[in-house]
Amino acid sequence: VQLQASGGGLVQAGGSLRLSCVVPGLTFRTYPMGWFRQAPGKEREFVSGITSSGGSTNYADSVKGRFTISRDNAKNTVYLQMNSLQPGDTAVYYCAARNGVRIGVALDEYRFWGQGTQVTVSS
């Protein structure tokens, strides 16, 4: 299963982007979803997660209040709305799906991954 992330790009500090991730071939509505990011020279890190129903979300402290995760189970799609972007948000962003119920924050909790979409924030 290949998740398909899109929506990245180049934006100035203070700007916004909306990432999308389409999940074909899965019973999407049963999978908690997560967004991770990896900056050059750094390890991949958790950004945000959402339960299968969308009723619960979780955010890394670094993005809390600026990013919003959501999902549309009818469209097999999870979104990440990113506002007030900062140069420190520059990274490749990945979506991922995990089995289970709760939101996972560790990479090895997620079974399926997308190819990543580049987000670059200029100062």
Side-chain angles (χ1 to χ4, degrees):
V1 176
Q2 183 66 51
L3 284 60
Q4 300 162 5
S6 62
L10 173 63
V11 64
Q12 288 188 330
S16 299
L17 285 173
R18 187 195 196 201
L19 306 184
S20 300
C21 176
V22 179
V23 185
L26 290 178
T27 309
F28 177 73
R29 66 183 184 274
T30 67
Y31 285 81
M33 298 294 299
W35 284 97
F36 290 76
R37 67 185 181 186
Q38 187 167 16
K42 295 187 177 181
E43 295 187 351
R44 195 171 299 188
E45 64 177 4
F46 174 79
V47 174
S48 182
I50 189 168
T51 52
S52 58
S53 68
S56 181
T57 58
N58 191 14
Y59 297 92
D61 287 344
S62 59
V63 307
K64 205 169 290 184
R66 300 188 297 122
F67 291 11
T68 303
I69 190 171
S70 62
R71 64 189 295 158
D72 185 338
N73 284 350
K75 295 183 178 180
N76 280 29
T77 303
V78 61
Y79 304 96
L80 186 67
Q81 177 67 44
M82 306 186 296
N83 298 329
S84 302
L85 283 162
Q86 304 165 0
D89 296 317
T90 294
V92 177
Y93 283 71
Y94 300 88
C95 58
R98 71 179 302 270
N99 297 108
V101 175
R102 64 179 185 83
I103 299 167
V105 298
L107 274 70
D108 60 6
E109 295 184 273
Y110 287 81
R111 180 178 180 186
F112 303 106
W113 289 83
Q115 82 286 3
T117 184
Q118 175 71 48
V119 172
T120 303
V121 185
S122 63
S123 58

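The figures that follow rest on heavy atoms only: side chains count, while hydrogens, waters and symmetry mates do not. Quick caveat: nothing in here was measured; it's all calculated off a predicted structure.
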Handout entry: All pairs passing disulfide bond (SG atoms under 2.5 Å apart) where residues 38-93 contributes a residue, at least two apart
Key = none
Problem - Residue pairs, two or more places apart or on separate chains, that pass salt bridge (Lys or Arg N to Asp or Glu O under 4.0 Å) and touch residues 112-123 - result: none
Practice task
Using salt bridge (charged side-chain N to carboxylate O under 4.0 Å, His left out) as the criterion, list what pairs up with Arg66, not counting sequence neighbours.
Solution key: Asp89
Practice task
Keeping to residues at least two apart or across chains, list the salt bridge (Lys or Arg N to Asp or Glu O under 4.0 Å) pairs with something in residues 49-58.
Solution key: none
Which donor-acceptor pairs under 3.5 Å do side chains of residues 5-20 form with protein atoms, sequence neighbours excluded?
unit_1 : atom_1 : unit_2 : atom_2 : d
Ser16  : OG     : Asn83  : OD1    : 2.9

Handout entry: Contacts of type salt bridge (charged side-chain N to carboxylate O under 4.0 Å, His left out), residue Lys64, not counting sequence neighbours
Key = Asp61
Problem - Minimum-distance pair of heavy atoms, taken over all atoms of Thr90 and Val121 - result: OG1-N, 2.9 Å
Problem - Note, Met82 side chain near Val47 side chain (heavy atom, < 4.5 Å) - result: no
Would you give me the side-chain donor-acceptor pairs under 3.5 Å for residues 73-80, sequence neighbours excluded?
unit_1 : atom_1 : unit_2 : atom_2 : d
Asn73  : OD1    : Arg71  : NE     : 2.8
Asn73  : OD1    : Arg71  : NH2    : 3.3
Asn73  : ND2    : Ser52  : O      : 3.0
Asn76  : ND2    : Val23  : O      : 3.0
Thr77  : OG1    : Lys75  : O      : 2.7

Handout entry: Residues that Ala97 engages under side-chain contact (heavy atoms from CB on, under 4.5 Å), provided they are two or more places apart
Key = Leu3, Leu26, Tyr31, Met33, Phe112
Fill in the blank from the handout: Sorted by chain and number, sequence neighbours left out, salt bridge (charged side-chain N to carboxylate O under 4.0 Å, His left out) with Arg44 holds for none
Practice task
For Pro32 and Thr30, work out which heavy atoms get closest and say how close.
Solution key: CD-O, 3.6 Å
Fill in the blank from the handout: Across all chains, not counting sequence neighbours, the side-chain contact (heavy atoms from CB on, under 4.5 Å) partners of Ser123 are Pro87
Fill in the blank from the handout: Residues joined to Tyr110 in its hydrophobic cluster, side chain to side chain under 4.5 Å directly or through other members, sorted by chain and number, are Phe36, Phe46, Val92, Tyr94, Ile103, Val105, Leu107, Trp113
Practice task
Can you run down the disulfide bond (SG atoms under 2.5 Å apart) pairs that involve residues 86-123, sequence neighbours left out, and say none if there aren't any?
Solution key: Cys21-Cys95
Handout entry: Which atom of Phe67 lies closest to which atom of Tyr59, heavy atoms considered
Key = O-CE2, 3.2 Å
Completion exercise
Rounded to the nearest 0.5 angstrom, the CD-OG1 distance for Gln4 and Thr117 is 12.5 Å
Fill in the blank from the handout: For Ser62 and Arg37, the nearest pair of non-hydrogen atoms, with its separation, is OG-NH2, 3.4 Å
Handout entry: Gap between atom OG of Ser48 and atom CD of Gln81 - 0.5 Å precision
Key = 12.0 Å
